[in-house]
Number of protein chains: 2
Amino acid sequence: MASLDDVAREAGVSASTVSRALSRPSMVSEPTLLRVRAAAERLGFRANPAARALTTGRSGFFALLVPDLDNPFYSTTATAAQELAGRSGRRVIIAVTGGDADREAEVLGELESQVDGFALQSPVGSAADLKEAHRRKPLVVINRRVPGLTSFTVDTPGGLGTVYDRLVELGHRDVAYLAGPPSSWMDRRRREELVEHAARSRLRVRVFGPVRPAFAEGAAAAREIVDSGCTAMLVYNSLLLLGAMFEFGRMGVRVPEDISVAAADDIALADLPGPPISAVLAPADELGRAAVSALVEMVDGPAGTRPRGRRLPTEVRITDSLAPPRTAHG
Amino acid sequence: MASLDDVAREAGVSASTVSRALSRPSMVSEPTLLRVRAAAERLGFRANPAARALTTGRSGFFALLVPDLDNPFYSTTATAAQELAGRSGRRVIIAVTGGDADREAEVLGELESQVDGFALQSPVGSAADLKEAHRRKPLVVINRRVPGLTSFTVDTPGGLGTVYDRLVELGHRDVAYLAGPPSSWMDRRRREELVEHAARSRLRVRVFGPVRPAFAEGAAAAREIVDSGCTAMLVYNSLLLLGAMFEFGRMGVRVPEDISVAAADDIALADLPGPPISAVLAPADELGRAAVSALVEMVDGPAGTRPRGRRLPTEVRITDSLAPPRTAHG
DNA sequence: TTGAAAGCGCTAACAG
DNA sequence: CTGTTAGCGCTTTCAA
């Protein structure tokens, strides 16, 4: 593997000139620049990242902590984050925490010296712990709002509100909500919104779950929800909804004739054949990109830079998967 | 952040002694060891990975290249690989290639100087390119067999054979195979097996697809398969099968009364309510762990060590999702 | 068993 | 604009 010195020799300049030419081209004269580049090219030079990290104190890595990779919402965020980071020559280390607070803290500690910043997807640790971690390294939070930290969330509760309104309009009174993991900040927010809506309308909401956001869990909950007599079902995420609808199919329960359905995100719901399903569309990829941009700002900007977080808007897709309740037909 | 020197001062020894105590404890006397450990503990010392990498030439990172993270088979492999690597203080960098050969090569190049070895999940590059990459860094292949490289595969074709046999026994003659991505080596192997089986029995096999292994694609293919008159359906993976069954539910097609089904892996099929579904169970997590162990061997062993690859056995689960064809009933 | 010293490959003052 | 000089924090001979 060619080193900086090899390139310097090849180009007939000093090592520092090569270093400058390659990382701050504007500090070098045109002809030198070209000569260095040519030499580097010829030798197939690639800067040793460890050496660079040692001098600069920056590794070029960001860590993205995710509860799991099976949830397509997370894997979408992760893929997008990685893609954007790659454009500026950085890499994203994805670490799976299992949604466990201890594991999360552990990973944070282990990675602290290896990365330039952290993005935490739906972290479960206490706000105090997260802020403490942020004192040591730039850190942004995804899918949860932590005062004092740059947070990126999606306005899913607002979107759900729109869906509730539509259900009221259609004449539903008994609505099921199939809840996601209890440790999820977003699920809490969604339930709050739901309770609020229920309070100011004739809507009765029955909460089912909480469950892990997996296909099989949605399927497992389907019968109970149907038996409860609810005429509409809102679901924590699309994976659960698909699972529930899968079971509806086997049970002979029809959508929307027998039950109206909508989910809180639409990963995997897209491109489904047949009539589209109502959903609150959350830009999972946008979330990943926003987190990375913020981290880049924090790392490149003056120390202590703390970019504003954002709440990304959702798109509410209301389709014929919402219909008047059976009893309302007569 | 405390450095080795800080610990040395705190413990009243030299930096080299601290280094030895922490990485090769047997080279240090008992009392010194204890003193050093205590000092390190007190200061919360963590070795700077960049410095260590610079001297040793090893980063402690492995790279795992995966086509995508949405496929639960891959995310399972990745999670297991990461978990096992963590136990020996190593990390796995997951890089998403999109199943694109150019991207795969690019990532291989970019990461070459950052990692100690590569694990390639279902790589699409030519065997020559993979071998070339292996000359530069330890490399193992998952889900594809490349002569001359340590490869870990699963005997899914063999498992599928068992399923075919059962279908023949039950009296099926027209079987559908919903194929996965054409670039997939495993899909090719499965189709070969299928053709072979068809040749030596009365089984007629119709191939549908190829499709991306996604839920929606399975759903999209369902109608065509039913309309084809096939009485049984084998599917590239469980995600596709779930999608197809989802659509069957909406169409009123019953399993197994109207069509028998089985899939080539069972991620996401497990824990489903109702009667279990026939599947060739592939140990995705075992694959990830095998790859990491092999890499560890290669890195720790003498240069040029090349552990034997393995073909992991599958478990064939045959259930009532396979039944005699409708026409056979009379 | 321990310490001193050199050096991994790069960047960043500091002169010139 | 370019070269010289010091390290970054660790591991590893080599001597003691």
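Atom set for the values below is all heavy atoms of this structure, side chains included, hydrogens, waters and symmetry mates excluded. Here is how names work: the chains are called A, B, and so on, in the same order as the sequence lines, proteins then strands, and each is numbered from 1.
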Tell me: CG of A:Leu43 to P of C:dG9, nearest whole Å? 14 Å
Rounded distance (Å) that lies between atom C1' of C:dC8 and atom CE of A:Met1: 15 Å
Check the pair A:Arg87 / A:Glu83 against salt bridge (charged side-chain N to carboxylate O under 4.0 Å, His left out), numbers first and verdict last. CA-CA 7 Å; A:Arg87 287 196 219 163; A:Glu83 201 278 324; 3.0 Å; yes
Quickly work out the A:Asn48 CG to D:dC8 P distance and round it to whole Å. 18 Å
Do you know which two heavy atoms are closest between A:Leu84 and A:Ser293, and how far apart they sit? CD2-OG, 3.7 Å
Closest contact, heavy atoms only, A:Arg91 versus B:Ala95: NH1-CB, 4.5 Å
Between A:Thr55 and B:Ser29, which has a closest nucleotide on DNA chain C that is more 5'? B:Ser29
Passes side-chain hydrogen bond (donor to acceptor under 3.5 Å, both in side chains), B:Ser14 versus B:Thr17? Steps please. CA-CA 5 Å; B:Ser14 76; B:Thr17 300; 3.2 Å; yes
Let me know the distance between CZ of A:Arg35 and P of D:dG3, rounded to the nearest Å. 9 Å
Take atom CG of A:Leu54 and atom C1' of D:dT11, then tell me their distance rounded to the nearest Å. 12 Å
Closest heavy-atom pair, B:Lys137 versus B:Val115, reported as atoms and distance to 0.1 Å, is NZ-O, 3.0 Å
Touch class at under 4.0 angstrom, heavy-atom based, for A:Ala47 against every strand present: sugar-phosphate
Of the residues in residues 4-27 of chain A, which ones touch DNA chain C at a heavy-atom distance under 4.0 Å? A:Leu4, A:Ser16, A:Ser19, A:Arg20, A:Arg24
For the side chain of B:Thr32, counting heavy atoms from C-beta on, which of D:dG9, C:dT1, C:dT11 is nearest? C:dT1
For C:dC8, does either OP1 or OP2 sit under 4.0 Å from a side-chain N or O belonging to A:Ser3? no
When every non-hydrogen atom of B:Leu295 is compared with those of B:Phe118, the smallest separation belongs to CD2-O, 3.5 Å
